[in-house]
Every structure is written in structure tokens, then in C-alpha cells.
Amino acid sequence: MKHSLRLFVLLLFAGLFAGTATAQTKEWKSDPIHSSVTYLVRHGVTPMMGQFKEFTVMIQWDDEKLENCSVSADLDPASVMMGNDALAKHLRGEDFFHVDEYKSWSFKSKEIQEDDGKYVAIGDLTVRGVTEQIAIAFEFLGTFEARGNSKAGFVAEFAIDRTRFGVNFDPDEKMIGKSVRIRVGLELFEYKG
């Protein structure tokens, strides 16, 4: 009887600890209503801002083990929005995003690094069929409960050289800057599959 009781207690503790370990890693999916992807690029001497409306970001997050963390994202370049429709249409064409040929952009992390509460996702960014390894600095803003759902917040800001991804319109930068600054603000919900 003592042996059975001891075995039961050991199994109970093992189950509790196993449950704790798996609960630390959560999967989060971007809420499209409360998330944004915007960019800033110089036109002449003036910075101009645009945004993308269609994208999905998935984040695996573990507060204690960075090796369990990952980020993946897919974006529809045809969803670009600018100040007027004619400009957005030009961006969708061959001079810029060539959305008839390249229907999706993506990012997939290979590694997450941390330094004093700041994080960097190192991974592959694919735009117009060109893949480059980049580093994206981001912050984990924490979690909260809303209407019975767990939510998380992340924000990232980074810059890319558009010409490295085949966006070569005005390569001499007479009117359009090569550096594009991208800002991502994410509210995510806990994804159950």
C-alpha cells in the first residue's frame, strides 16, 4: 500500500511539472484588427508612409527558454495602401512589388537573441523571390486578458535596403530613398490551433 501511494504521489508531481513545462511555451497569432505593418521611405526630401492591410504573424513564445521561441510572418504585398489609389496601383506593378508574379512576402526566424530585455529575431526575409538574412529588433510588451481571451503585445522596427530585394525603380535615389523603415505593431491572441 505504501509503495502504491508513493508511486501515485511521484506520478502526480511528474504530471504537474510536465504540465508547467509545456504551459510556458505559448503560440500567438496576430489579430488583424488591432495590428499594423507600416513603412516609411523618402520621396524627394519628404518621408512618406504606407501600410499593408493583409498579413499574418505567428509567434511561439517561452519566457524562460529562447530556444523555444520563433517568429514567422506572411504578408500580401497587394494589400499596400498609400495616400491615393494611383500611387498604390503603381507600387503593385512591376516597378515595385510586381504582385502578379510575387504574391507573398515572408519572414521566418532561425534564432531569437536577448540582451537586457531587448530581443532580436535573426532569420530569412523573402521579398520578390529574393531571400536575405536580416535581424529584426523587437520588444515583448507583455500579456493581458480581454473578454476571456489571453492577448500579447509585440512591437518591432527595422530597416531594409529595397534594392537588395529587386525593387530597383530609381536606383540612383534621385527621388526615392533606398532605405525603407518598417514598423510592426502586434496584438496577438493565444492560438489553440
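Quantities reported herein were computed from a predicted structural model and do not represent experimental measurements.
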_Can you confirm if the aromatic rings of Phe140 and Trp61 lie within a centre distance of less than 6.0 Å?_
yes
*State, with a plain yes or no, whether a side-chain heavy atom of Phe154 is found less than 4.5 Å away from one of Val184.*
no
*Can you tell me how far CD1 of Ile136 sits from OG of Ser109, rounded to the nearest 0.5 angstrom?*
9.0 Å
_Within the structure provided, determine whether Gln51 and Val37 are in side-chain contact (heavy-atom separation under 4.5 Å)._
no
*Any chance CG of Asp115 has more than 12 other-residue heavy atoms, nucleotides or ligands included, within less than 6.0 Å?*
no
*Could you walk me through whether Glu101 and Arg128 pass the salt bridge (charged side-chain N to carboxylate O under 4.0 Å, His left out) test, one step at a time?*
CA-CA 8 Å; Glu101 182 75 21; Arg128 281 185 54 128; over 6 Å; no
*How about Phe97 and Trp105: are their ring centroids closer than 6.0 Å?*
yes
*Please walk me through it: do Leu66 and Tyr119 pass side-chain contact (heavy atoms from CB on, under 4.5 Å)?*
CA-CA 10 Å; Leu66 282 181; Tyr119 297 93; 3.8 Å; yes
*Side-chain contact test, heavy atoms from C-beta onward, threshold under 4.5 Å: evaluate it for Leu186 versus Ile59 and give yes or no.*
yes
*Provide the closest heavy-atom pair for Ile176 versus Arg162 in the form atom of the first, atom of the second, distance.*
O-NH2, 3.2 Å
*Given the rule that I, L, V, M, F, W and Y join up when any side-chain heavy atoms are under 4.5 Å apart, are Ile182 and Val41 in one cluster?*
yes
*At what distance, to the nearest 0.5 angstrom, does OG of Ser70 lie from NZ of Lys108?*
6.5 Å
*Given Glu173 and Arg42, is the side-chain contact (heavy atoms from CB on, under 4.5 Å) satisfied, shown in steps?*
CA-CA 9 Å; Glu173 294 188 272; Arg42 180 183 54 76; 3.7 Å; yes
*Do Met82 and Leu91 have side-chain heavy atoms sitting under 4.5 Å apart?*
yes
_Strictly distance-based, threshold 3.5 Å: is any side-chain N or O of Asp31 a donor or acceptor partner for the main-chain N or O of Glu187?_
no
*Could you tell me whether the side chain of Arg164 and the main chain of Val130 form a donor-acceptor pair under 3.5 Å?*
no
*So does Lys151 have more than 12 non-hydrogen atoms from other groups sitting under 6.0 Å from NZ?*
yes
*About how many Å separate CG of Asp124 and OG1 of Thr131, when rounded to the nearest 0.5 Å?*
6.0 Å
_Euclidean distance, Asp100 CG relative to His98 NE2, rounded to 0.5 Å_ = 7.0 Å
*Out of curiosity, Thr163 OG1 to Asn168 CG, how far, rounded to the nearest 0.5 Å?*
6.0 Å
_Ile160 vs Phe158, side-chain contact (heavy atoms from CB on, under 4.5 Å): CA-CA, chis, key distance, verdict_ = CA-CA 7 Å; Ile160 60 172; Phe158 59 102; 4.0 Å; yes
_Donor + acceptor pair across side chains of Gln133, Lys110 (<3.5 Å)_ = yes
*Is it possible for you to say whether Met175 and Met48 belong to one hydrophobic cluster, with membership spreading through side-chain heavy-atom contacts below 4.5 Å?*
yes
*Any side-chain heavy atom of Phe55 sitting closer than 4.5 Å to one from Ser79?*
no
*Quick one: does Arg183's side chain get under 4.5 Å of Val155's, heavy atoms only?*
yes
_Restricting to side-chain hydrogen bond (donor to acceptor under 3.5 Å, both in side chains), what partner residues turn up for Glu94, sequence neighbours left out?_
none
*According to a 4.5 Å side-chain heavy-atom criterion applied to Ile, Leu, Val, Met, Phe, Trp and Tyr, with indirect links allowed, do Val167 and Met81 form part of one hydrophobic cluster?*
no
_Candidate pair Lys192 and Glu190, rule salt bridge (charged side-chain N to carboxylate O under 4.0 Å, His left out), full reasoning_ = CA-CA 6 Å; Lys192 304 293 187 179; Glu190 190 173 354; 3.3 Å; yes
*Is the side chain of Asp74 donor-acceptor paired with the backbone N or O of Thr56 at a distance under 3.5 Å, no angle test?*
no
*Do the side-chain N and O atoms of Ser150 and Glu145 include a donor-acceptor pair separated by under 3.5 angstrom?*
yes
*Do Phe52 and Tyr39 have ring centroids that are under 6.0 Å from one another?*
yes
*salt bridge (charged side-chain N to carboxylate O under 4.0 Å, His left out) evaluation trace for Asp76 with Lys53*: CA-CA 8 Å; Asp76 179 0; Lys53 300 300 287 182; over 6 Å; no
*Nearest 0.5 Å please: distance from the CE atom of Met58 over to the NZ atom of Lys29.*
6.0 Å
*Do Val180 and Leu40 belong to the same hydrophobic cluster, where Ile, Leu, Val, Met, Phe, Trp and Tyr are linked whenever their side-chain heavy atoms lie under 4.5 Å apart, directly or via other members?*
no
*asked:* I'd like to know if the side chain of Asp62 reaches the main chain of Lys65, judged simply by a donor and an acceptor atom lying under 3.5 Å from each other, with no hydrogens or angles considered.
replied: yes
*Counting heavy atoms not belonging to Asp85, are there more than 12 under 6.0 Å from its CG?*
no
*Audit row: Thr46, His43, side-chain contact (heavy atoms from CB on, under 4.5 Å) steps and yes/no*: CA-CA 5 Å; Thr46 307; His43 184 270; 5.6 Å; no
*Determine whether Val120 and Ile112 make a side-chain contact, defined as any pair of heavy atoms from C-beta on separated by less than 4.5 Å.*
no
*Do Phe169 and Tyr102 belong together in a cluster built from hydrophobic side chains that touch within less than 4.5 Å?*
no
*Would you confirm whether Asp172, through its side chain, and Lys174, through its main-chain N or O, come within 3.5 Å as a donor-acceptor pair?*
no
*Under a 4.5 Å cut-off applied to non-hydrogen side-chain atoms, are Asp95 and His90 in contact?*
yes
